[in-house]
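Have a look at the structure below before the remarks.
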Amino acid sequence: MALFHVRMDVNIPRDLDPDERAETIAREKAYSQDLQRQGKWVHLWRIAGQYSNISIFDVADPDELNDLLWGLPLFPYMDIVVTPLAKHGSSIK
């Protein structure tokens with residue numbers, strides 16, 4: 001498995017239909033919680049004061065991560081930065 005640090009900044013258009021906005025956010029929550037239950041989305045942290053998060057994914061490879069990110073209902077409204085992670089030689093874990 002491979003770990004990835006992912007920053008997601010959400011920019012939903014202000015003029016998006018309120019019902020579509022609410023439905024998209026509900027689908028996003030269900031999708032992300034399912035990935036968390038599967039152990040693929042291992043950490044999800046809100047960035048205080050922003051509609052952004054820092055997440056850690058544990059997936060097979062970059063292709064799987066790409067597919068998961070493209071599956072996010074809010075993906076069209078996100079700026080995403082992915083950083084692959086490697087074990088650090090000084091880590092005791």
**OP:** Kindly compute the distance separating CG (Asn53) from CG (Leu44), expressed to the nearest 0.5 Å.
**Re:** 5.0 Å
Original post:
At their closest point, which heavy atom of Leu16 faces which heavy atom of Tyr77, and how far apart are they?
Top reply: CD1-OH, 3.8 Å
Original post:
What closest approach, in Å, do Gln38 and Asp34 show between heavy atoms, and which atom pair accounts for it?
Top reply: NE2-OD2, 2.8 Å
**OP:** Report yes or no: do Leu3 and Phe57 belong to one cluster of Ile/Leu/Val/Met/Phe/Trp/Tyr joined by side chain heavy-atom distances under 4.5 Å?
**Re:** no
**OP:** Tell me whether Val42 is reachable from Leu85 by hopping between hydrophobic residues (I, L, V, M, F, W, Y) whose side-chain heavy atoms are closer than 4.5 Å.
**Re:** yes
**OP:** Kindly give the heavy-atom pair with the smallest separation between Leu72 and Met8, and that separation in Å.
**Re:** CD1-SD, 3.9 Å
Original post:
Which value, rounded to the nearest 0.5 Å, describes the distance between Leu65 atom CG and Leu69 atom CG?
Top reply: 4.0 Å
**OP:** Check side-chain hydrogen bond (donor to acceptor under 3.5 Å, both in side chains) between Trp70 and all other residues, then give those that pass, not counting sequence neighbours.
**Re:** Asn66
Original post:
Hey, is the main chain of Ser32 close enough, under 3.5 Å, to the side chain of Gln36 for a donor-acceptor pair?
Top reply: yes
Original post:
How long is the gap from CD1 on Ile12 to CZ on Arg21, to the nearest 0.5 Å?
Top reply: 4.0 Å
Original post:
Can you get from Ile47 to Val10 by hopping between Ile, Leu, Val, Met, Phe, Trp and Tyr side chains that sit under 4.5 Å apart?
Top reply: no
**OP:** Rounded to the nearest 0.5 Å, what's the gap from NZ on Lys40 to CD1 on Ile56? Could you check?
**Re:** 16.0 Å
Subject >> Trp41 and Ser55 side chains, donor-acceptor separation under 3.5 Å >> reply: yes
Subject >> Where at least one partner belongs to residues 80-93, residue pairs that pass side chain to side chain donor-acceptor pair (under 3.5 Å), sequence neighbours excluded >> reply: none
Original post:
At what distance, to the nearest 0.5 angstrom, does CG of Leu68 lie from CZ of Phe4?
Top reply: 10.5 Å
Original post:
Taking Pro73 as the fixed residue, which of Glu28, Glu23, Lys29 is the one that meets the side chain to side chain contact (heavy atoms under 4.5 Å, CB included) rule?
Top reply: Glu28
**OP:** May I have the step-by-step check of side-chain contact (heavy atoms from CB on, under 4.5 Å) for Ile80 and Phe75, ending in yes or no?
**Re:** CA-CA 9 Å; Ile80 299 175; Phe75 181 82; 3.7 Å; yes
**OP:** Consider only side-chain heavy atoms of I, L, V, M, F, W and Y, link residues closer than 4.5 Å, and tell whether Ile54 and Leu74 are in one cluster.
**Re:** no
